[in-house]
Amino acid sequence: MIRALLFTCILGCCFLAKAQEPKFIQHELGDANIGITINTILQDYQSMIWLGTDAGLARYDGTNWDTLVLPTNNEHNITSLYEDHRNRLWVGTKLGEIFYLDKARQPKLFDIEEGLPKVPIKAIGEDNEGQLWF
């Protein structure tokens, strides 16, 4: 009886050890993206991966890469990404531009009455009252 119990425990541990093995899947960025520097990365509430690069904003859903075109003619070197408590994605650039993605995930320029900063947006955060800090 004890041998059968011991055998069952050892066999069970073997199966549990197998369940603990990590699995890594390497995803290629593609030849068109060679040499692009990734400055910031964020996983949103829908598990999409957002990449802020020297060449702009990209989204990865686990299979496909999509590039989002930001609504100004400037070269977009993305320096910061943040998702607020309402699941709105905020994007900061090296030129001081600030964008947000609307509910349809289309980028919009954040228009501030005082004007946009003239320095890179290195971080975006939110306080307990829901105010955003750039």
Side-chain angles (χ1 to χ4, degrees):
M1 177 74 175
I2 293 178
R3 287 184 190 176
L5 183 60
L6 183 61
F7 177 74
T8 304
C9 288
I10 291 172
L11 187 61
C13 289
C14 290
F15 286 116
L16 289 176
K18 181 80 171 156
Q20 295 299 317
E21 290 181 13
K23 181 177 180 181
F24 296 99
I25 300 172
Q26 183 173 344
H27 298 272
E28 299 296 325
L29 292 175
D31 293 339
N33 296 317
I34 291 177
I36 293 177
T37 301
I38 297 173
N39 301 320
T40 185
I41 188 168
L42 175 103
Q43 183 175 2
D44 72 9
Y45 77 104
Q46 296 176 319
S47 298
M48 294 283 188
I49 303 292
W50 294 88
L51 302 169
T53 72
D54 286 347
L57 182 62
R59 179 182 62 209
Y60 181 61
D61 65 6
T63 305
N64 299 311
W65 293 98
D66 295 314
T67 304
L68 273 76
V69 178
L70 299 177
T72 62
N73 295 327
N74 296 331
E75 182 177 316
H76 295 104
N77 184 331
I78 307 300
T79 52
S80 60
L81 295 171
Y82 181 75
E83 185 175 27
D84 68 15
H85 72 280
R86 287 177 262 148
N87 300 324
R88 179 177 283 178
L89 186 70
W90 293 87
V91 179
T93 71
K94 188 175 184 178
L95 296 176
E97 295 172 314
I98 302 168
F99 299 91
Y100 65 92
L101 274 59
D102 63 14
K103 290 191 185 281
R105 291 297 200 196
Q106 295 301 311
K108 307 286 184 195
L109 182 64
F110 185 54
D111 190 21
I112 304 171
E113 187 176 314
E114 303 86 30
L116 292 170
K118 304 294 183 223
V119 296
I121 306 297
K122 295 187 178 183
I124 304 171
E126 185 175 16
D127 64 20
N128 292 337
E129 296 174 4
Q131 296 176 341
L132 290 172
W133 295 84
F134 302 96

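Computation of the quantities below employed the complete heavy-atom set of this structure, encompassing side-chain atoms and omitting hydrogens, waters and symmetry-equivalent molecules.
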With W50, which of L101, I78, I41 fulfils side chain to side chain contact (heavy atoms under 4.5 Å, CB included)?
L101
Kindly compute the distance separating CG (N77) from OG1 (T53), expressed to the nearest 0.5 Å.
7.5 Å
Is there any side chain to side chain donor-acceptor pair (under 3.5 Å) pair reaching into residues 109-134, and which pairs are they, with sequence neighbours excluded?
Y82-E126, H85-E126, D127-W133
How long is the gap from CD1 on I49 to OH on Y60, to the nearest 0.5 Å?
9.0 Å
For residues P71 and F99, determine if any side-chain heavy atom of one lies less than 4.5 Å from a side-chain heavy atom of the other.
yes
If the condition is ring pair (Phe, Tyr, Trp, His ring centres under 6.0 Å), which residues does Y100 pass it with, not counting sequence neighbours?
W90
Would you say the side chain of T67 lies within less than 4.5 Å of the side chain of W65, judging by non-hydrogen atoms?
no
Contact between L57 and H76 at the side-chain level, heavy atoms closer than 4.5 Å - yes or no?
no
Rounded at 0.5 Å granularity, tell me how far OG in S80 sits from CD1 in I124.
3.5 Å
Applying salt bridge (Lys or Arg N to Asp or Glu O under 4.0 Å) as the test, list every pair that has at least one member in residues 97-109; sequence neighbours left out.
D44-R105, D102-K108
Are any non-hydrogen side-chain atoms of L95 and L116 less than 4.5 angstrom apart?
no
Taking C-beta and beyond as the side chain, do V91 and L68 meet within less than 4.5 Å on heavy atoms?
no
